[in-house]
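Structure, as structure tokens:
Below, chain A is the first sequence line, B the second, and so on; all start at residue 1. Treat the numbers as computed from the prediction; the structure is a model and nothing was measured.
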Protein chains: 2
Amino acid sequence: MARRNDHSRDELREMALSAAERVLQQEGFKALSARRVAADIGYSAGSLYTLFKNLDDLCWQLNARTLTQLLAELDRVEQTDAKSCLLAYGHAYMAFAHDHPARWALLFEHGGSRDMPTPASLSERIDSLFARVEVCLQQLKPEMPAAECALTARTLWSGVHGIAVLALRQKLFLDQAQSADKMLQQLVDHFIKGWLIEECRDA
Amino acid sequence: MARRNDHSRDELREMALSAAERVLQQEGFKALSARRVAADIGYSAGSLYTLFKNLDDLCWQLNARTLTQLLAELDRVEQTDAKSCLLAYGHAYMAFAHDHPARWALLFEHGGSRDMPTPASLSERIDSLFARVEVCLQQLKPEMPAAECALTARTLWSGVHGIAVLALRQKLFLDQAQSADKMLQQLVDHFIKGWLIEECRDA
DNA sequence: AATAATTATGAACGATGTTCAAAATAATGA
DNA sequence: TCATTATTTTGAACATCGTTCATAATTATT
């Protein structure tokens with residue numbers, strides 16, 4: 001029953017999001033609740049609804065943060081050769097998924113219910129991710145029209161994403177970890193090769 | 001408070017699973033609850049716990065049914081040419097995901113929390129799915145060792161899965177529906193081409 | 001007909017998301 | 001300095017959730 005003014009509104013939002021990330025990381029998706037997050041930052045559950053419209057809103061904002069962090073990881077890639085760069089992106093992507101499974105899963109499993117549209121803050125970041133892939137592809141095929149470039153980038157990256165999903169969810173039933181790396185290598189390798197080679201007969 | 005014996009135990013389980021599927025299909029994941037399913041078959045919530053260990057158990061059994069239905073869809077493919085067959089599998093897979101979004105999503109989003117292992121009834125069916133892909137690949141490269149075949153099948157199918165995921169979740173931000181089909185075509189086409197061509201210089 | 005075995009119930013428990021009147025504090029103006 | 005206004009935080013309340021379990025109601029068996 002009080003105003004404490006210990007922190008600004010933005011500080012509180014930041015604290016709440018950090019707490020939510022901590023809960024996700026350490027105790028998984030099922031442990032994430034309004035009361036839990038509120039308790040972790042020393043406030044009551046009702047207070048969260050001053051900072052966020054509802055829990056969905058908190059998740060959207062959380063996802064935006066996750067994506068910026070993921071993009072930052074991708075930007076640590078230093079390969080200049082286009083294909084090596086794509087592979088390094090893939091590795092970074094899968095490493096991120098592996099290191100932050102709950103947050104990464106939330107990225108794709110949240111908001112799946114109804115027509116609820118993905119907020120712009122998210123779609124911008126996703127586009128920015130695809131843009132990095134497009135740059136690599138453009139480098140491999142300079143004369144390629146932009147539309148094809150966008151499509152191809154999404155095809156290739158969907159493949160990388162799919163490997164990450166099934167590996168993380170353990171739906172592959174091979175001998176675990178390094179298979180995923182091999183698969184990534186295979187995917188990028190064969191896809192790029194097949195994409196570049198137009199001569200050499202139509203198989 | 002009574003025994004009615006209107007239906008056998010197995011009939012009841014069947015009714016409950018069907019009701020759950022109906023709820024998922026018509027009202028989405030968030031509408032699925034023990035009380036809802038029980039009410040839909042004219043029983044009380046507590047009765048469900050005579051039929052299933054808990055809601056997770058119901059979901060596992062539901063997923064097993066979903067997978068058998070998916071496999072049946074795949075078996076309607078009639079292409080004999082290996083590559084056309086793979087493409088047809090891909091189309092069938094994505095059509096299924098499109099037509100049964102909630103049940104399909106449950107297949108991959110359920111049980112993601114902890115070390116809870118995928119039950120054998122599920123992993124068997126998933127293996128059976130991969131087996132179909134392996135047959136096609138084996139046909140394209142008869143001399144290929146089984147281990148490589150298994151890995152390649154999973155790589156290719158992860159790609160198909162990834163396209164389905166991102167298309168369904170609308171994380172691609174192209175002009176929707178037919179892009180997914182183009183992407184599928186692109187993926188299978190380029191991946192297979194790149195996989196088959198070993199001569200023709202190493203790009 | 002009496003007894004045993006089964007099956008369905010609904011109340012109960014703790015937990016969830018969310019709302020909102022009230023309470024407590026800070027800011028402001030006198 | 002004090003009264004007033006504006007802001008912030010609360011905690012109780014509501015409906016819902018998964019789950020358990022003693023008990024009631026019914027069938028099966030003796």
Side-chain angles (χ1 to χ4, degrees), chain A residues 1-17 19-24 26-63 102 106 109-114 116, chain B residues 1-17 19-24 26-63 102 106 109-114 116:
Chain A
M1 358 43 187
R3 171 198 259 183
R4 293 191 249 138
N5 253 10
D6 288 341
H7 311 90
S8 81
R9 243 76 240 306
D10 286 336
E11 276 174 334
L12 277 179
R13 240 183 298 271
E14 158 71 28
M15 289 165 64
L17 290 171
E21 288 172 351
R22 215 168 30 236
V23 171
L24 276 179
Q26 295 175 359
E27 309 180 35
F29 175 75
K30 309 196 72 170
L32 185 65
S33 76
R35 285 176 167 88
R36 180 66 155 75
V37 170
D40 273 27
I41 62 173
Y43 279 75
S44 76
S47 301
L48 273 194
Y49 292 80
T50 306
L51 306 170
F52 306 95
K53 193 163 146 278
N54 50 34
L55 262 207
D56 267 352
D57 181 30
L58 184 148
C59 284
W60 286 121
Q61 297 197 31
L62 209 151
N63 279 344
L106 196 67
E109 293 170 16
H110 176 247
S113 52
R114 219 66 329 246
M116 177 162 53
Chain B
M1 354 51 186
R3 171 200 259 185
R4 293 188 249 141
N5 252 12
D6 287 342
H7 312 91
S8 80
R9 232 84 197 90
D10 285 336
E11 276 175 334
L12 277 180
R13 240 183 298 272
E14 157 72 29
M15 290 165 63
L17 289 171
E21 286 171 354
R22 216 169 28 239
V23 171
L24 275 180
Q26 295 174 1
E27 310 180 37
F29 175 75
K30 307 195 74 169
L32 185 66
S33 75
R35 287 176 167 89
R36 180 67 155 78
V37 169
D40 273 27
I41 62 173
Y43 279 74
S44 75
S47 301
L48 274 193
Y49 292 80
T50 307
L51 306 170
F52 306 95
K53 192 163 147 279
N54 49 36
L55 261 207
D56 267 352
D57 182 29
L58 186 149
C59 285
W60 286 121
Q61 297 197 30
L62 209 151
N63 279 343
L106 196 67
E109 292 169 16
H110 174 249
S113 51
R114 218 71 322 253
M116 177 160 54

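Going from atom CZ of B/Phe29 over to atom P of D/dG18 covers 10 Å, rounded to whole Å. Put simply, CG on A/Leu58 is 12 Å from C1' on C/dG17, counting in whole angstrom units. For the pair B/Lys53 NZ and D/dG18 C1', the computed distance is 13 Å after rounding to whole Å. The separation between A/Leu55 atom CG and D/dC17 atom C1' is 15 Å, rounded to whole Å. The NE2-P distance, from B/His110 to D/dG18, rounds to 12 Å in whole Å. The CD1 atom of A/Ile41 sits 10 Å away from the P atom of D/dT9 (whole-angstrom rounding). Taking atom CZ of residue A/Arg36 and atom P of nucleotide C/dT16, one finds them 10 Å apart after rounding to whole Å. Residue A/Glu27 contributes atom CD, which lies 12 Å from atom P of C/dT16 at whole-angstrom precision.
In this model, the phosphate group of C/dA8 is not approached by any side-chain N or O of B/Ser47 to a distance below 4.0 Å at OP1 or OP2. Taking side-chain N and O atoms only, A/Arg4 has a distance below 4.0 Å to OP1 or OP2 of D/dT10. Between B/Tyr49 and the phosphate of D/dT19, there is a side-chain N or O to OP1/OP2 separation shorter than 4.0 Å.
Using a 4.0 Å heavy-atom cutoff across all strands shown, A/Arg9 reaches sugar-phosphate atoms only and no base atom. Among the heavy atoms of the strands lying under 4.0 Å from A/Ser33 are primed sugar atoms or P, OP1, OP2 only; no base atom is included.
Using a 4.5 Å heavy-atom threshold, the side chains of A/Lys53 and A/Trp60 count as separate. A 4.5 Å side-chain heavy-atom check between B/His7 and B/Glu14 finds every atom pair outside the cut-off.
Each of C/dA12, D/dG11, C/dT7 was ranked by its minimum atom distance to the side chain of B/Asn5; first place goes to C/dT7. Candidate nucleotides D/dT9, C/dA8, D/dC17 were compared by shortest atom distance to the side chain of B/Tyr43, and C/dA8 ranks first.
No donor-acceptor distance shorter than 3.5 angstrom exists from the side chain of B/Arg35 to the backbone of B/Ala45, with no hydrogens or angles considered.
The CZ atom of B/Arg22 sits 9.0 Å away from the CE atom of B/Met15 when rounded to the nearest 0.5 Å.
For B/Thr50 and B/Ser47, the side-chain atoms include no donor-acceptor pair closer than 3.5 Å.
Taking for each of B/Arg35 and B/His7 the nucleotide of DNA chain C with the nearest heavy atom, the 5'-most of the two is the partner of B/His7.
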